[in-house]
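What you see is a predicted model, and the numbers here were worked out from it, not measured in a lab. Counting from 1, the numbers follow the sequence of the chain as shown.
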Amino acid sequence: MRGIEQLEATPDILRLLLEPLTAGEAEWKPAPNRFSIAEVLEHLSHVEGHCFRLRVDRMTTEENPELDPYDPDEYAAAGAYSGRSAEDSFDHFEDQRMDNLDFLKSLPEEAAGRTGVH
């Protein structure tokens with residue numbers, strides 16, 4: 001499966017996995033220092049909007065840029081992943097993913113060979 005096809009399929013796959021969950025199950029944390037499913041979805045949403053697109057932008061406009069680190073533990077400690085329902089986080093992730101896919105599809109073919117240092 002090509003990269004764009006995988007990115008396109010991810011929301012549908014996640015939706016199937018999430019379908020049987022109750023809100024309580026989505027908010028349950030296996031341990032105080034572990035993410036709930038709702039927090040994982042907010043993390044995905046945050047990464048999609050605040051990291052993925054920025055990195056692609058840099059890789060398409062700069063020569064092999066050094067990409068800024070993304071520390072999920074730092075964001076979690078600041079509360080960036082808490083307080084949102086799993087459904088709201090997933091919807092936000094899905095909207096951003098569709099926007100990012102539209103952007104990726106608009107890039108010239110040679111952009112697929114661009115790199116960055118992570």
ask   = Is the closest side-chain heavy-atom distance between His118 and Glu66 below 4.5 Å?
value = no
Can you check whether Ser85 reaches Asp88 side chain to side chain, under 4.5 Å on heavy atoms? yes
Report the residues that fulfil salt bridge (charged side-chain N to carboxylate O under 4.0 Å, His left out) with [X], sequence neighbours left out, ordered by chain and then residue number.
X     : result
Asp91 : Arg15
Asp57 : Arg53
Glu62 : Arg58

If you measure from [atom1] on [X] to [atom2] on [Y], what distance do you get to the nearest 0.5 Å?
X     : Y      : atom1 : atom2 : answer
Leu18 : Leu41  : CG    : CG    : 5.5 Å
Glu48 : Leu101 : CD    : CG    : 7.5 Å
Ile37 : Leu14  : CD1   : CG    : 11.0 Å
His92 : Glu87  : NE2   : CD    : 13.5 Å

Residues pairing under salt bridge (Lys or Arg N to Asp or Glu O under 4.0 Å) where one sits in residues 100-118, two or more places apart or in two chains, turn out to be Glu8-Lys105, Glu63-Arg114
Contacts satisfying salt bridge (Lys or Arg N to Asp or Glu O under 4.0 Å) that involve residues 29-46 (not counting sequence neighbours) are Lys29-Glu39, Glu42-Arg84
**Message:** I'd like to know whether Arg2 forms a salt bridge (charged side-chain N to carboxylate O under 4.0 Å, His left out) with Glu5, so could you lay out the CA-CA distance, the side-chain angles of the two residues, the decisive distance to 0.1 Å, and finally the verdict.
**Reply:** CA-CA 5 Å; Arg2 290 183 19 232; Glu5 290 169 343; 3.7 Å; yes
Apart from Phe35 itself, members of its ILVMFWY cluster (side-chain separation under 4.5 Å) are Val40, Val47, Tyr70, Tyr75, Tyr81
Apart from Leu67 itself, members of its ILVMFWY cluster (side-chain separation under 4.5 Å) are Met59
Applying side chain to side chain donor-acceptor pair (under 3.5 Å), name anything that partners [X], two or more places apart in sequence or on another chain.
X      : answer
Ser106 : none
Asn64  : Thr115
Glu27  : none
Asp95  : none

Output yes when a side-chain donor or acceptor of Glu19 lies under 3.5 Å from a complementary backbone atom of Leu16, and no otherwise.
no
Query raised in the report: Between the main-chain N or O of Thr22 and the side-chain N or O of Glu25, is there a donor-acceptor pair closer than 3.5 Å?
Result: yes
Of all the heavy-atom pairs spanning [X] and [Y], show the shortest one and how long it is.
X     : Y     : result
Ser89 : Ala38 : OG-O, 4.2 Å
Phe93 : Leu44 : CD1-O, 3.7 Å
Gln96 : Ser45 : NE2-O, 2.9 Å

Leu107 meets the side chain to side chain contact (heavy atoms under 4.5 Å, CB included) criterion, sequence neighbours left out, with Val56, Thr60, Phe103, Leu104, Ala111
